[in-house]
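A, B, ... follow the sequence lines: proteins, then strands. Residue 1 opens every chain.
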Amino acid sequence: MPELAEVEFYRKVWDGGIKQKVRAVELHASKRIFRGMDTKALTQALTGSVLVSSATHGKQLLFRFSKNGWLGLHLGMSGRLRIGVPDEEAGRHDHLVLRQARQALIFSDPRQFGRVLFHQGVAPPKWWAALPPQILSEEFTLTRMTRFLSRHARAPLKAVLLTQRGFPGIGNWMADEVLWQAGIAPACLAGKLDAMQTKRLFRAARFVCRGAMRTVGIDFRDPPGGWLYHRRWRRGGICPRDGAALRHAEVGGRTTCWCPSCQKQGF
DNA sequence: TACAATGTTTTAAG
DNA sequence: CCTTAAAACATTGT
């Protein structure tokens with residue numbers, strides 16, 4: 001499920017536990033979300049520590065704890081964060097539970113495509129520091145985006161937009177939304193855009209991120225009215241802009257929805 | 001039953 | 001070494 005704005009929403013869910021001590025850590029150590037990490041070290045370090053702050057970067061979540069603990073989470077396809085009562089019994093998919101006096105912070109992920117990372121140190125983990133510029137930041141420039149497109153010139157734009165090194169936070173529905181708002185077909189190759197289309201893509205990427213953050217990112221409400229989002233799931237949907245029948249097909253390895261009449265192939 | 005699901009990683013091929 | 005495409009991952013729901 002979670003893309004940029006959904007991740008931001010879930011971050012705020014756990015913020016209810018800020019400034020409070022973690023009394024106990026419960027986790028399903030053998031589950032895939034803990035692959036390659038030391039769950040004993042995580043348990044040891046977080047037990048008795050205090051949740052200090054949280055941040056998101058694209059689809060990445062980082063929770064900072066006292067005693068130099070840094071908990072990184074990725075929600076994958078089906079992950080979500082929620083708050084439970086302090087002694088809530090962990091369900092089958094509740095793979096990580098941080099128990100505090102007033103509530104339990106719960107990470108559940110049925111499909112386990114998500115991931116848990118843990119780092120102990122004064123500085124933030126290096127994988128966090130190495131993340132590419134966020135789309136809504138100053139460092140995400142037209143020049144940078146253009147360079148990224150040219151490096152993937154022979155791939156369809158849909159696939160390029162899903163690449164987290166270039167467009168951190170963009171997922172399946174946001175990629176379709178960006179392309180629809182830019183008026184460019186998803187199968188158009190990234191190297192085929194002219195300067196005007198490139199600029200439209202850049203503006204659409206930022207506009208969609210901002211609009212999602214101001215709606216989904218606040219309280220999980222739907223994205224702004226008039227967006228493709230509201231029509232893309234049903235078969236038989238029509239384009240909000242010109243009323244043409246929307247098309248669905250697999251592009252760049254993912255189910256894709258677009259308007260064949262107002263989204264143009266490059267030349 | 002079989003397939004698809006708002007995602008990444010690994011593997012293989014070009 | 002770089003880019004691209006496809007399969008794999010685990011579970012649920014249609």
To the nearest angstrom, how far is [X] atom [atom1] from [N] atom [atom2]?
X         : N      : atom1 : atom2 : value
Phe9(A)   : dT6(B) : CZ    : C1'   : 15 Å
Glu3(A)   : dA5(B) : CD    : P     : 13 Å
Ile33(A)  : dG7(B) : CD1   : P     : 18 Å
Leu61(A)  : dT8(B) : CG    : C1'   : 15 Å
Arg80(A)  : dT6(B) : CZ    : P     : 18 Å
Arg254(A) : dC3(B) : CZ    : P     : 18 Å
Phe34(A)  : dT8(B) : CZ    : P     : 19 Å
Leu161(A) : dT6(B) : CG    : P     : 15 Å

Discussion item. How about NZ on Lys67(A), more than 12 heavy atoms from neighbouring residues, nucleotides or ligands closer than 6.0 Å, or not?
Written reply: yes
Categorize [X] for me: base, sugar-phosphate, or nothing, with a 4.0 angstrom heavy-atom threshold over every strand shown.
X         : answer
Arg35(A)  : nothing
Arg151(A) : sugar-phosphate
Gly253(A) : nothing
Ala159(A) : nothing

Item to complete: May I ask you to evaluate whether Thr255(A) reaches the phosphate of dA5(B), defined as a side-chain N or O under 4.0 Å from OP1 or OP2?
Response: yes
Discussion item. Is there a side-chain contact between Gln164(A) and the phosphate of dG7(B), meaning an N or O under 4.0 Å from OP1 or OP2?
Written reply: no
Discussion item. Nearest 0.5 angstrom please: Phe220(A) CZ to Thr215(A) OG1, how far?
Written reply: 10.5 Å
Worksheet, complete the sentence: A correct dot-bracket answer for DNA chain C, with pairs being Watson-Crick or G-U at under 3.5 Å, [ ] for crossing pairs and | for inter-strand pairs, is .||||||||.||||
Worksheet item: Which atom names give the shortest non-hydrogen contact between Arg99(A) and Pro86(A), and what distance separates them?
Response: NH1-O, 2.8 Å
Worksheet entry | Heavy-atom closest pair, residues Lys158(A) and Thr256(A) | NZ-OG1, 2.7 Å
Worksheet item: Do the ring planes of Tyr229(A) and Trp173(A) sit parallel (below 30°), tilted (30 to 60°) or perpendicular (above 60°)?
Response: perpendicular
Practice prompt. Measure up the Phe148(A) and His152(A) rings against each other and bin them: parallel (under 30°), tilted (30 to 60°), perpendicular (over 60°).
Written response: tilted
Using atom [atom1] of each nucleotide, how far apart are [N] and [M] to the nearest Å?
N       : M       : atom1 : answer
dA7(C)  : dC3(B)  : P     : 13 Å
dT4(C)  : dT6(B)  : P     : 23 Å
dA10(C) : dT11(B) : P     : 15 Å

Going hydrophobic residue to hydrophobic residue with side-chain gaps under 4.5 angstrom, can you get from [X] over to [Y]?
X         : Y         : answer
Ile83(A)  : Leu27(A)  : yes
Ile33(A)  : Ile106(A) : no
Leu228(A) : Phe167(A) : no

Discussion item. So if I take residues 105-113 of chain A and measure heavy-atom distances to DNA chain B, which residues fall below 4.0 Å?
Written reply: Arg111(A), Phe113(A)
Worksheet item: Which two nucleotides bound the region of DNA chain C that has atoms under 4.0 Å from heavy atoms of chain A, read 5' to 3'?
Response: dT3(C) to dT12(C)
Discussion item. Looking at Trp227(A), I'd like to know if the NZ or CZ of Arg232(A) sits under 6.0 Å from its six-membered ring centre while staying within 45 degrees of the ring's axis.
Written reply: no
Discussion item. Would you say the ring centers of Phe107(A) and Tyr10(A) fall short of 6.0 Å from each other?
Written reply: no
Discussion item. Can you confirm if the aromatic rings of Trp14(A) and Phe63(A) lie within a centre distance of less than 6.0 Å?
Written reply: yes
